[in-house]
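Computed from heavy atoms alone, side chains included, the values below leave out hydrogens, waters and symmetry copies.
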Amino acid sequence: MKFLEEEEERQNELFGEISLKGLNEIVYEEIIGKRMKELFEKYSEIKNMFENNEYEDLSNLFKLFKFYEPSLNELAKIFRDYILKKEKN
């Protein structure tokens with residue numbers, strides 16, 4: 001997600017790295033955290049991405065969620081659950 005990386009660079013120039021950590025947490029919560037809840041409510045869509053080998057879409061999810069740890073943890077949980085179900089079948 002290039003726009004997030006560009007925003008981080010812009011913030012670095014304006015504020016410096018020290019004040020960015022707190023600011024980034026707020027920004028990522030607003031941009032990613034709130035939408036994350038909507039996406040994970042649609043768990044079956046993410047599961048379908050795994051089943052249909054939609055690697056580019058999964059990669060984009062990872063790139064977006066890597067900026068916000070709670071969402072990355074939730075994505076990892078979904079992936080783990082998917083693998084465990086596949087092993088049983």
Margin query: Evaluate N48 against E54 for side chain to side chain contact (heavy atoms under 4.5 Å, CB included), listing each step before the verdict.
Written below: CA-CA 8 Å; N48 287 339; E54 296 175 13; 5.6 Å; no

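When the shell of 6.0 Å around CD of E29 is examined, it contains more than 12 heavy atoms from other residues, nucleotides or ligands.
A distance of 9.5 Å separates NZ of K85 from CD of E51, quoted to the nearest 0.5 Å. Summarising the geometry, atom CD1 belonging to I46 is positioned 12.5 Å from atom CZ belonging to F79; distances are rounded to the nearest 0.5 Å. Here CG of N60 is found 9.0 Å from CE of M49. Values are rounded to the nearest 0.5 Å. From E74, atom CD reaches atom NZ of K77 across 5.5 Å, with rounding to the nearest 0.5 Å. The distance from atom CG of L61 to atom CD of E45, rounded to the nearest 0.5 Å, is 10.0 Å. Atom CG of residue L58 and atom CG of residue L75 lie 7.5 Å apart, to the nearest 0.5 angstrom.
In this structure, the side chains of I78 and F50 come closer than 4.5 Å at one or more pairs of heavy atoms. Counting heavy atoms from C-beta outward, K47 and D81 have side chains that stay 4.5 Å or more apart.
For Y55 and N53, the side-chain atoms include at least one donor-acceptor pair closer than 3.5 Å.
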